[in-house]
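Note that the structure is a prediction, hence the values are computed from the model and not measured.
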Amino acid sequence: MQQAQQQAGGKLKDAFLLRPPNNTVLLVKSQFNKRPPTIYFPYPGCLKIQRPVDVTKLEKTTQNDLKPYSFLGFKINSSTHTYNCVVNSLKTAGFRLVGGNAWNVLWTGLIKASKLKRINQFQKINHFPGAWHLGRKDNLWRNVFKMKRTHGQEYNIAPTTYIFPEDYKRWLNDREMEGYKSMYIMKPTASSCGRGIKVIGKKAHVGKRSGYLVSKYLSKPHLLRGFKYDLRIYVLVTCFDPLRIYLFEEGLVRMATQQYTTGKSTLGKRFVHLTNFSVNKKASNYVPNQASNLEALNFEEPNNSSKWCLKQLRAEYGKMGVDFDDVFMRIKDVIIKTLIAVEPHIVTNMKQTRHRNACFELYGFDIILDDHLKPWLLEVNVCPSLSSSSPLDKQIKTMLLSDVLHIIGLQVYDRKKHEKEQAQINKQRLLGFEPMSKNGITSGSGAERAAPNQGSPLKLPGSPERNRKLVEYCDQLTDDDYDLLADLEEENMRKGHFNRIFPLQHNIDTYSKFFETSRHANTVVWNYLKLGAPSQIIKHHFR
């Protein structure tokens, strides 16, 4: 019986994946001349909303126009969970499921750096190599703790943690030194969904267990109506060099299902201390969120559900007298510092490819607030669940995935033509010649100065002193640098419900000191933003 059900489920999945894509494919023209258009991702019909767009910027084509070598393809590895919101977003935009290497976007599990050697500049993968430096709890703590030793309390963003067995003796000594005043929480280093988690009493004995860590337990969390809760915040990184971080405006509030207490008799009660949805959905008093439309939430009606969206949290904070924007300003600080902590590892792994935009990654940051509303990092999910447990879940995650795929800037390209061009480039390199860029300059290092623009001089508004600085800045830019700046501005035009949280003009000086290595790409982008340079300088270059 079970085997028959699995076979039926497999056939349904295959039919879902293989259904024809949307026949109409829309392209968004770049705001910069000579830059290629990108694929427009309409929101799937289940959302019942339209993506705001300037229709004069759209180009319409069809599947027949894209045959036989320019069709849009996506691939999902067999070992990777197939999410409806991923497939629906891709099919709606005109992508079809493909095998082999004829894909524009690969949706897969964690990848090794060697995977990047064979991809071209038109292909994108949904993970960065080295993501386990974020996704494994032990590696995440090592990276944060390294920064804390260097920068002190500025990096006090995660509870003090001990990795077993290497930190076992230190943990025993620290407990004794503080007089056994703290509770701890024990977790497997490479697990999820609340599996293997245990709250440890102040004097409870714990053996040396390999593959586990213990963290100081936040025994005084901020509560909602007496229940413990945490926040699932969705963060997108489109590039690590230069680092570009985006925050999705919606997220999830996940609540425990029994009133919070630290009484000794409750330490083993998972519905009191754990906020994981996978745990609390099994509780008899778990209440699903019945809201079906983000745009039509009624904040006057009582909300007794066990999982909220951030709009509902904002409304509740308003009733409690809590400043939602102030809390999220501090959450953004935790997110930016966390990603800077792992930046050296990811950039090193990305050296396997010359294509800086080859990867993107969506993270699920789990954040908890203490009773003083200070945010603490619990973990980072590099493969956050995109399954939907309610209509609200479905709306948030479908919008999230459609916006992710829209912002990363996928392009149409002729595979046959690209293969011929690449073969010619490889031949030139074997002969000792560097291929020529569009401007007639060799493109080997990417560090050549941009060719002077022939035509009318650039006219900039502002004071003579500001213009002098802008001209000096532009004089130092290479063709590759202008591509960096165009990427920044184009992503901002495609951001949907994402907002860039780093780099911004006002926070570059705050966070630049935390970077282990000064990188040219970061410097180019940061100086552009700090100068308040108009996008007119990029338009002038690409005329």
Side-chain angles (χ1 to χ4, degrees), residues 27 30 32-39 66-73 75 98 100-106 111-125 128-129 238-242 346-360 408-455 474-488 490 519-525 538 540-543:
L27 307 177
S30 172
F32 306 114
N33 192 24
K34 301 178 184 175
R35 293 269 296 182
T38 57
I39 310 300
L66 298 176
K67 291 178 180 178
Y69 302 118
S70 298
F71 64 84
L72 301 175
K75 182 177 179 179
V98 298
N101 293 316
W103 46 267
N104 298 71
V105 61
L106 173 65
I111 62 169
K112 295 181 179 179
S114 57
K115 179 73 177 178
L116 302 179
K117 289 182 178 179
R118 294 185 179 89
I119 70 170
N120 63 51
Q121 68 264 38
F122 301 104
Q123 295 178 308
K124 292 182 184 285
I125 304 177
F128 288 97
T238 56
C239 188
F240 266 95
D241 185 18
I346 308 294
V347 172
T348 298
N349 277 279
M350 283 296 292
K351 289 180 179 177
Q352 294 289 335
T353 179
R354 289 176 297 165
H355 312 308
R356 62 174 172 268
N357 294 322
C359 302
F360 64 96
I408 61 175
L410 293 162
Q411 299 174 19
V412 172
Y413 76 103
D414 186 317
R415 291 172 178 80
K416 198 87 168 178
K417 181 180 176 183
H418 174 73
E419 287 172 7
K420 287 181 179 178
E421 290 175 348
Q422 197 59 45
Q424 183 64 26
I425 289 171
N426 292 339
K427 184 177 179 180
Q428 286 180 329
R429 286 193 172 127
L430 284 172
L431 295 172
F433 299 105
E434 280 297 340
M436 305 297 283
S437 73
K438 293 177 183 177
N439 294 320
I441 300 173
T442 57
S443 59
S445 68
E448 297 82 6
R449 190 70 54 82
N453 200 305
Q454 304 299 320
C474 293
D475 283 346
Q476 298 302 313
L477 296 179
T478 67
D479 288 330
D480 190 57
D481 295 340
Y482 276 107
D483 281 329
L484 289 172
L485 301 180
D487 288 341
L488 183 79
E490 287 176 342
R519 304 190 194 281
H520 174 76
N522 280 331
T523 301
V524 169
V525 171
I538 310 172
H540 189 261
H541 173 76
F542 285 107
R543 285 191 313 165

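- Considering only residues two or more places apart in sequence or on other chains, Asn357 meets the side-chain hydrogen bond (donor to acceptor under 3.5 Å, both in side chains) condition with Arg244, Asp487.
- Put simply, the side chain of Asn104 never gets that close to the backbone of Gln123: no donor and acceptor are under 3.5 Å apart.
- The two atoms that bring Arg543 and Lys34 nearest to each other are O-NZ, 2.8 Å, heavy atoms only.
- Legend: residues meeting side-chain hydrogen bond (donor to acceptor under 3.5 Å, both in side chains) with Asn522, ordered by chain and number and at least two apart, are absent.
- A distance of 7.0 Å separates CE of Met350 from SG of Cys239, quoted to the nearest 0.5 Å.
- Atom CZ of residue Phe122 and atom CD of residue Gln411 lie 6.0 Å apart, to the nearest 0.5 angstrom.
- Leu485 CG to Leu477 CG: the interatomic distance, rounded to the nearest 0.5 Å, is 6.0 Å.
- Arg356 places no side-chain N or O within donor-acceptor distance of the main-chain N or O of Asp241, the cut-off being under 3.5 Å.
- When all heavy atoms of Leu484 and Pro242 are compared, the closest pair comes out as CD2-CD, 3.5 Å.
- Of all the heavy atoms in Ala358 and Ile119, the pair that sits closest is CB-CD1, 3.5 Å.
- Between the Lys75 side chain and the Gly100 main chain, a donor and an acceptor come within less than 3.5 Å of each other.
- Taking 4.5 Å as the limit, some side-chain heavy atom of Leu27 sits within range of a side-chain heavy atom of Ile39.
- In this structure, His418 NE2 and Lys420 NZ are separated by 13.5 Å, a value rounded to the nearest 0.5 Å.
- Between Asp483 and Phe542, some side-chain heavy-atom pair lies under the 4.5 Å cut-off.
- Put simply, the residue from Gln476, His520, His541 that forms a side-chain contact (heavy atoms from CB on, under 4.5 Å) with Asp481 is His520.
- Taken from CD1 in Ile125 to CD1 in Ile111, the straight-line distance is 4.5 Å, to the nearest 0.5 Å.
- Separating the CD atom in Glu490 from the CZ atom in Phe32 is a distance of 6.0 Å, to the nearest 0.5 Å.
- The two residues Arg35 and Ser30 come nearest to each other via the heavy atoms CB-OG, 3.4 Å.
- What you find for Pro129 and Leu116 is that their closest heavy atoms are CG-CD1, 3.6 Å.
- Residues Ile408 and Lys124 come closest through the heavy atom pair O-CE, 3.1 Å.
- Listed by chain and residue number, Tyr413 satisfy the side-chain hydrogen bond (donor to acceptor under 3.5 Å, both in side chains) test with Asn120 (two or more places apart in sequence, or in another chain).
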